[in-house]
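All of these numbers come straight from a predicted model, not from anything done at the bench.
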Amino acid sequence: MNDTKSNSARADALTLSAATLARFDREVAKYPADQRISAVMACLSIVQQEQGFVSRESEDAIAAYIGVAPIAVHEVTTFYNMYNQRPVGKFKLNVCTNLPCQLRDGQTALDHVCSKLGIEEGGTTADGLFTVQKSECLGACADSPVLLVNDRQMCSFMSEQRLDELLDLLKTNANA
């Protein structure tokens with residue numbers, strides 16, 4: 001228990017709120033003490049929900065809380081594209097460009113979205129509404145080209161017309 005309290009104190013010193021630490025406590029409690037690292041993805045998700053992205057400082061705070069080297073947390077953050085390492089737009093669009101989607105116009109879909117929004121891949125529109133990035137396999141190869149909205153909603157068979165309709169719908173919903 002002393003290790004948990006000292007880790008919590010170090011994490012708290014790195015700007016995690018009491019509410020965040022309480023959420024971390026609940027996640028870490030699900031695992032044996034020697035397997036605290038198993039809670040890293042949940043802790044990263046909590047930080048992202050609260051702050052919109054996972055900064056290096058947040059990674060360091062998570063590492064201190066869990067009791068692992070900061071690189072162990074950074075490796076997870078950088079491996080999964082669901083963790084934003086910088087602020088993103090209200091709508092994050094991950095367009096699959098893995099080989100099966102490439103063979104069915106995945107790159108064309110990515111290029112179309114970027115062109116339509118006037119940004120490059122990885123960029124965010126000036127109004128902060130959209131961030132577009134390429135993605136590795138989203139697990140829907142038969143439905144390609146596919147994209148994922150805000151890491152939650154899968155959109156399949158995304159022709160240029162369907163992409164335009166989606167962008168218009170998202171813009172409308174953002175202004176509602």
Side-chain angles (χ1 to χ4, degrees), residues 15-17 19-20 23-24 27 38-62 70-176:
T15 70
L16 293 177
S17 70
T20 299
R23 291 181 72 190
F24 282 11
E27 293 302 324
S38 299
V40 70
M41 291 181 74
C43 292
L44 286 167
S45 293
I46 289 165
V47 166
Q48 182 161 291
Q49 288 168 7
E50 293 180 1
Q51 298 178 8
F53 72 105
V54 179
S55 66
R56 282 306 297 258
E57 294 79 20
S58 296
E59 289 177 358
D60 292 346
I62 292 168
I71 189 66
V73 176
H74 186 66
E75 289 171 338
V76 176
T77 306
T78 57
F79 181 79
Y80 295 101
N81 67 4
M82 65 189 168
Y83 300 117
N84 306 320
Q85 297 170 53
R86 58 183 172 73
V88 297
K90 180 173 184 171
F91 300 108
K92 182 174 84 168
L93 307 176
N94 285 330
V95 182
C96 184
T97 57
N98 208 328
L99 183 58
C101 279
Q102 286 288 27
L103 295 173
R104 295 181 63 188
D105 296 326
Q107 185 65 47
T108 301
L110 176 65
D111 293 343
H112 179 77
V113 170
C114 289
S115 174
K116 179 94 172 163
L117 296 174
I119 59 174
E120 293 189 17
E121 184 272 319
T124 300
T125 56
D127 61 4
L129 205 53
F130 294 99
T131 297
V132 180
Q133 56 192 38
K134 63 176 144 183
S135 175
E136 285 300 315
C137 185
L138 294 174
C141 303
D143 297 348
S144 62
V146 297
L147 67 85
L148 192 61
V149 179
N150 290 341
D151 300 316
R152 300 261 186 257
Q153 181 183 2
M154 180 76 70
C155 301
S156 301
F157 306 108
M158 298 308 289
S159 65
E160 288 185 2
Q161 178 183 344
R162 288 184 54 127
L163 288 166
D164 292 346
E165 290 168 358
L166 174 65
L167 293 174
D168 290 343
L169 177 66
L170 293 173
K171 284 180 190 175
T172 300
N173 288 344
N175 297 324

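- In this structure the side chain of T131 never reaches within 4.5 angstrom of the side chain of I119, judged on heavy atoms.
- Rounding to the nearest 0.5 angstrom, the gap separating the CD1 atom in I62 from the CG atom in L44 is 4.0 Å.
- Judged purely by atom type and a 3.5 angstrom limit, Q102 uses its side chain to pair as donor or acceptor with the backbone of T97.
- N150 meets the side-chain contact (heavy atoms from CB on, under 4.5 Å) test with F91, K92; sequence neighbours excluded.
- The side-chain heavy atoms of Y80 and D151, taken from C-beta on, include no pair separated by under 4.5 Å.
- To the nearest 0.5 Å, the span separating CG on L169 from CG on N173 amounts to 4.5 Å.
- The backbone N or O of M41 sits nowhere less than 3.5 Å from a side-chain atom of E27 that would complete a donor-acceptor pair.
- Summarising the geometry, atom SG belonging to C155 is positioned 11.5 Å from atom CD belonging to E165; distances are rounded to the nearest 0.5 Å.
- Between E120 and C114, the shortest heavy-atom distance links the atoms C-SG, 3.9 Å.
- Using a 4.5 Å heavy-atom threshold, the side chains of F157 and P145 count as separate.
- Checked for salt-bridge contact, R56 and E59 meet the test: a charged N lies under 4.0 Å from a carboxylate O.
- Put simply, OG on S144 and CG on N98 are 10.5 Å apart, with the number rounded to the nearest 0.5 Å.
- With hydrogens and angles left out, the side-chain atoms of Q85 and T77 include no donor and acceptor closer than 3.5 Å.
- Taking all atoms of both residues into account, the shortest heavy-atom contact from E121 to L110 is CG-CD2, 3.9 Å.
- Atom CD of Q48 is separated from atom CZ of F53 by 9.5 Å, given to the nearest 0.5 angstrom.
- Take S115 and apply the side-chain contact (heavy atoms from CB on, under 4.5 Å) test, not counting sequence neighbours, and it matches no residue.
- Side-chain contact check for V73 versus V76: every heavy-atom pair is 4.5 Å or farther apart.
- Side-chain atoms of S135 and L148, non-hydrogen and from C-beta on, never get closer than 4.5 Å to each other.
- Side chain of T124 to main chain of G128: no donor-acceptor pair is present (N/O by atom type, distance under 3.5 Å, no hydrogens or angles).
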### Task
Mind running side chain to side chain contact (heavy atoms under 4.5 Å, CB included) on M158 and L166 for me, showing each step along the way?
CA-CA 9 Å; M158 298 308 289; L166 174 65; 4.0 Å; yes

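- Of all heavy-atom pairs spanning L117 and K171, the tightest one is CD2-CE, 4.3 Å.
- What you find for P70 and D60 is that their closest heavy atoms are CB-OD1, 3.4 Å.
- Between C96 and L147 the shortest side-chain heavy-atom distance does not fall below 4.5 Å.
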### Task
Please test R23 against Q49 for side chain to side chain contact (heavy atoms under 4.5 Å, CB included), starting from the C-alpha separation and ending with a verdict.
CA-CA 12 Å; R23 291 181 72 190; Q49 288 168 7; 2.6 Å; yes

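- Salt bridge annotation for E160-K116: absent, with no cationic side-chain nitrogen under 4.0 angstrom from a carboxylate oxygen.
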### Task
Begin with the C-alpha distance, continue with both residues' side-chain angles, and end with the deciding distance and a verdict on side chain to side chain contact (heavy atoms under 4.5 Å, CB included) for K134 and N94.
CA-CA 5 Å; K134 63 176 144 183; N94 285 330; over 6 Å; no

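- Considering CG of L170 and CG of L93, their distance stands at 6.5 Å, rounded to 0.5 Å.
- In plain terms, the two heavy atoms of L129 and A174 that are nearest each other are CD1-CB, 3.4 Å.
- The two atoms that bring V95 and G106 nearest to each other are CG1-O, 3.8 Å, heavy atoms only.
- With contacts defined as side-chain heavy-atom distances shorter than 4.5 Å, the pair V113/F130 does not qualify.
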